[in-house]
Amino acid sequence: MKRILPVVFLLTVASTAGAQVRRRAPVPAAPQSWVTASVGLFNGNTVADGRTGSEWRLGEATDLQFRLAAEQELQGRSNISVGAVATYTHAPFTYLGGGGENSCTRCAAHLNMTSLGASFHAGGGIGLHQVVEASAGAIRFSELKRDSDGSALLPTGGNIDPYFTFGYGFGYTINPTTQISVVQDFGFALHERTGLTSEQSNSLRLRTIRLNVRYGFGDKTKKRQ
């Protein structure tokens, strides 16, 4: 009996220590901030610019759009975050104008589309999940240039319009800090109606399908402890 008691005591201590180790196992990080890098295919439509008497036919070609978002999860709302988003597209289009200096009757051209706005993201969790996103802000059209000789086209100073987009898609969580997703965006940029007739459109439809890689950092679980 005297030999058995020490053995029982040691086994009890070892079992208790093992249970404590299991209870203290690290909890996977739950990121409180996210950065998302995206690349997508952009396509638009024809928008009329009354100030210059020109039309920009953006729907005749598709080009790459680059997107970067930084977001913070809302307190008490897991998988819902808000922040800021920026995009850049060097878009091909057909320019129709009145001819003359800084214009052409019809020519192939490119322009830069740069946007900055507020962003919303909902979606996450283990494995496959739905993704809902939205953004709103300002989009700038600049560097309108004719492809044949690189000459500037009107408006040479560019133009800034308000815009809104809504996106829906599906994502997959690789690990607690990394997600990938495919999202289809639909939106509008509202151009001014100065100089336009009732038959001319001042709204540019924004359509993009994009691949996103989302990385999280920080640990919101530490704040709850």
Side-chain angles (χ1 to χ4, degrees), residues 36 38-69 85-100 102-121 131-148 150-170 181-212:
T36 305
S38 313
V39 60
L41 294 175
F42 168 83
N43 187 262
N45 66 314
T46 298
V47 62
D49 183 66
R51 291 187 304 155
T52 62
S54 62
E55 287 188 354
W56 313 339
R57 296 189 175 180
L58 287 155
E60 297 181 357
T62 300
D63 205 72
L64 292 178
Q65 181 187 83
F66 301 95
R67 182 180 186 273
L68 185 65
V85 60
T87 67
Y88 171 79
T89 310
H90 184 58
F93 74 108
T94 300
Y95 185 97
L96 279 71
N102 298 126
S103 185
C104 65
T105 304
R106 181 187 179 98
C107 58
H110 276 73
L111 59 76
N112 291 337
M113 297 173 55
T114 308
S115 73
L116 182 63
S119 65
F120 168 86
H121 173 96
V131 175
V132 175
E133 295 186 330
S135 67
I139 185 168
R140 183 171 187 260
F141 304 90
S142 63
E143 298 294 323
L144 285 77
K145 292 184 177 180
R146 187 164 51 201
D147 288 348
S148 60
S151 62
L153 297 169
L154 294 173
T156 55
N159 194 90
I160 298 177
D161 297 328
Y163 84 92
F164 170 81
T165 65
F166 174 82
Y168 179 80
F170 293 91
S181 64
V182 175
V183 173
Q184 173 75 66
D185 281 332
F186 299 93
F188 291 94
L190 297 178
H191 210 58
E192 65 269 12
R193 290 207 59 86
T194 303
L196 298 183
T197 67
S198 59
E199 297 177 348
Q200 292 178 300
S201 173
N202 72 321
S203 62
L204 173 64
R205 291 191 300 272
L206 308 171
R207 297 186 296 268
T208 308
I209 183 167
R210 52 187 168 85
L211 174 66
N212 316 284

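Counting only heavy atoms from C-beta outward, the side chains of L206 and F42 approach each other to under 4.5 Å. At a threshold of 4.5 Å between non-hydrogen side-chain atoms, the residues R146 and C104 count as touching. At least one side-chain heavy atom of R106 sits under 4.5 Å from a side-chain heavy atom of T94. For the pair E143/L111, no side-chain contact is recorded, criterion being any heavy-atom separation below 4.5 Å from C-beta on. Using a 4.5 Å heavy-atom cutoff, the side chains of Y163 and D161 are not in contact. A 4.5 Å side-chain heavy-atom check between V131 and H121 finds at least one atom pair inside the cut-off. In this structure, T46 and F93 have side chains that are not in contact, with every pair of non-hydrogen atoms separated by 4.5 Å or more. Under the 4.5 Å side-chain criterion, counting only non-hydrogen atoms from C-beta, H191 is not in contact with L204.
For N202, the side chain to side chain donor-acceptor pair (under 3.5 Å) test picks out R193, with sequence neighbours left out. Taking the side chain to side chain donor-acceptor pair (under 3.5 Å) definition, one finds that R210 meets it with E133, D185, N212, sequence neighbours left out. By the side chain to side chain contact (heavy atoms under 4.5 Å, CB included) test, T105 pairs with no residue at all, sequence neighbours left out. For A136, the side chain to side chain contact (heavy atoms under 4.5 Å, CB included) partners are F164, not counting sequence neighbours. Remark: L116 pairs with A86 by the side chain to side chain contact (heavy atoms under 4.5 Å, CB included) rule, at least two apart or across chains. Under the rule for a side chain to side chain contact (heavy atoms under 4.5 Å, CB included), the partners of N43 that lie at least two apart in sequence or sit in another chain are T62, R207.
Heavy-atom minimum distance, S103 versus G98: OG-N, 3.4 Å. L153 approaches K145 most closely through the heavy-atom pair CD1-C, 4.0 Å. Residues S135 and T165 approach most closely at OG-OG1, 2.5 Å, considering heavy atoms. Nearest heavy atoms, R51 versus P155: NH2-CB, 4.2 Å. Here the closest non-hydrogen pair linking N45 and R205 is OD1-N, 2.7 Å. Scanning both residues, D63 and P92, for their nearest heavy atoms gives CB-CD, 3.4 Å.
From S201, atom OG reaches atom CD of E55 across 9.5 Å, with rounding to the nearest 0.5 Å. Separating the OG atom in S142 from the CD1 atom in I160 is a distance of 9.0 Å, to the nearest 0.5 Å. For the atom pair CD1 (I209) and CD (Q184), the distance works out to 5.0 Å, reported to the nearest 0.5 Å. In this structure, the separation between CG on D147 and NE2 on H110 is 5.5 Å, given to the nearest 0.5 Å. To the nearest 0.5 Å, atoms OH (Y95) and CG (N102) are separated by 8.0 Å.
In summary, the aromatic rings of F188 and F186 are positioned with their centroids too far apart to meet the 6.0 Å limit.
Using a distance-only test at 3.5 Å, with no hydrogens or angles considered, no donor-acceptor pair links the side chain of T89 to the main chain of A91. In this structure, D49 contributes its side chain and S54 its backbone to no donor-acceptor pair below 3.5 Å.
Ring planes of Y88 and H90: parallel class, angle under 30° (limits at 30 and 60°).
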Chi angles and distances behind the side-chain contact (heavy atoms from CB on, under 4.5 Å) call for Q65, L41 = CA-CA 6 Å; Q65 181 187 83; L41 294 175; over 6 Å; no
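Side-chain contact annotation: S115 with T87, donor-acceptor N/O pair under 3.5 Å present.
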